[in-house]
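Indexing begins at 1, ligand by ligand and atom by atom, following the structure's order.
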Amino acid sequence: MSEREKQALINTAKKASQNSYSPYSHFAVGAALMAENGEIFAGTNVENISFGATVCAERSALCSAVTAGVKKFKALAVYHEGELAYPCGVCRQMLCEFGDMDVFLSDGSQCRELKLSNLIPYNFQTKEIK
Ligand code: THU
């Protein structure tokens with residue numbers, strides 16, 4: 001992926017974080033997924049007073065992409081201002097169903113690059129459920 005594409009993805013995640021609905025944690029997160037064809041899908045965290053109903057930014061972006069019929073991705077960017085936010089276990093498991101991808105974590109001043117497969121080695125899979 002080009003530096004330009006990477007910056008576009010991080011910027012989209014940053015913009016999405018500005019729409020975060022996080023009145024309980026005040027922890028605003030934005031995510032952006034880049035499809036194989038370069039199309040970008042954004043998501044932000046949407047919290048709820050029933051805390052367990054909260055949806056993370058990463059799953060929000062994933063649901064948006066799948067709703068548009070996109071299921072193959074080159075990269076994911078996650079943005080949280082001031083501190084890197086690592087995707088939670090539920091988001092890692094949901095994302096890895098759609099293949100391995102580059103992951104860029106940005107806090108506005110630093111960017112860490114990883115592979116999704118490094119974030120979730122030994123993810124749950126089974127031949128018994130098709
Ligand atoms: N959160 C995300 O949306 N993504 C992450 O990578 C880490 C955590 C959200 C969930 C919750 O709304 C808030 O951040 C605090 O956990």
Side-chain angles (χ1 to χ4, degrees):
M1 154 166 320
S2 69
E3 190 59 30
R4 199 186 158 89
E5 277 186 313
K6 184 176 132 187
Q7 283 315 319
L9 197 62
I10 293 169
N11 277 337
T12 303
K14 180 178 182 176
K15 270 200 191 144
S17 75
Q18 289 158 4
N19 289 331
S20 166
Y21 177 72
S22 43
Y24 306 105
S25 72
H26 305 287
F27 194 88
V29 185
L33 274 168
M34 184 173 282
E36 294 279 359
N37 69 357
E39 201 177 350
I40 294 177
F41 296 89
T44 192
N45 55 328
V46 182
E47 297 187 343
N48 191 268
I49 193 162
S50 176
F51 296 165
T54 292
V55 179
C56 294
E58 295 88 333
R59 274 175 289 146
S60 179
L62 181 63
C63 290
S64 168
V66 173
T67 300
V70 176
K71 298 183 190 71
K72 284 188 175 172
F73 308 102
K74 286 201 273 201
L76 166 75
V78 181
Y79 187 92
H80 171 69
E81 187 91 27
E83 183 188 11
L84 298 181
Y86 286 76
C88 78
V90 173
C91 289
R92 294 179 197 200
Q93 178 66 38
M94 267 200 81
L95 287 160
C96 76
E97 181 125 350
F98 298 90
D100 200 7
M101 63 189 86
D102 295 327
V103 177
F104 306 119
L105 306 176
S106 170
D107 66 4
S109 58
Q110 58 168 323
C111 180
R112 176 147 196 212
E113 302 193 15
L114 300 151
K115 292 297 284 188
L116 183 60
S117 54
N118 296 131
L119 282 171
I120 182 158
Y122 307 109
N123 56 297
F124 174 63
Q125 300 183 357
T126 174
K127 290 190 214 89
E128 292 174 36
I129 305 172
K130 293 251 164 75

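Ranking protein heavy atoms by distance to atom 12 (O) of ligand 1, first place goes to Glu47 OE2, 2.5 Å. The protein non-hydrogen atom at the shortest distance from atom 9 (C) of ligand 1 is Asn45 ND2, 3.5 Å. The nearest heavy-atom contact from the protein to atom 1 (N) of ligand 1 is Val29 CG2, 3.7 Å. Summary of contacts: the protein heavy atom closest to atom 10 (C) of ligand 1 is Cys56 SG, 4.0 Å. Ranking the protein heavy atoms by distance from atom 3 (O) of ligand 1 puts Ala57 N, 2.9 Å first. When hydrogens are left out, the protein atom nearest atom 14 (O) of ligand 1 is Phe27 CD2, 3.3 Å; that is the closest non-hydrogen contact.
Short contacts between ligand 1 and Thr54, defined as distances under 4.0 Å to a heavy atom of the residue, involve ligand atoms 12 (O). Taking every non-hydrogen atom of Pro87 and a distance limit under 4.0 Å, the qualifying atoms of ligand 1 come out as 6 (O).
For Asp100 and Ser117, the side-chain atoms include at least one donor-acceptor pair closer than 3.5 Å. No hydrogens or angles considered: nothing links the side chains of Gln93 and Glu97 as a donor-acceptor pair under 3.5 Å. A donor and an acceptor atom, one from each side chain of Ser17 and Asn19, are nowhere located under 3.5 Å apart. A donor-acceptor contact closer than 3.5 angstrom links the side chains of Arg112 and Tyr86.
Counting only distance, with no hydrogens or angles, the side chain of Asn45 and the backbone of Ser20 share no donor-acceptor pair below 3.5 Å.
For Glu5 and Lys74, the salt-bridge test passes: some basic side-chain N is under 4.0 Å from an acidic carboxylate O.
Residue contacts with ligand 1: Ser22 is excluded, as none of its non-hydrogen atoms falls under 4.0 Å. At least one heavy atom of Tyr86 sits less than 4.0 Å from an atom of ligand 1.
The aromatic rings of His80 and Phe27 sit parallel, their planes meeting at an angle under 30°, below the 60° perpendicular limit.
Not a single protein heavy atom sits closer than 4.0 Å to atom 16 (O) of ligand 1.
With a 4.5 Å cut-off on side-chain heavy atoms, Leu9 and Phe104 count as touching. Using a 4.5 Å cut-off on side-chain heavy atoms (C-beta onward), Ile49 and Tyr24 make contact.
Using a 4.0 Å cut-off between heavy atoms, Glu58 contacts ligand 1 through its side chain alone, with no backbone atom that close. Contacts of Ser25 with ligand 1, taken as heavy-atom pairs under 4.0 Å, involve the side chain alone.
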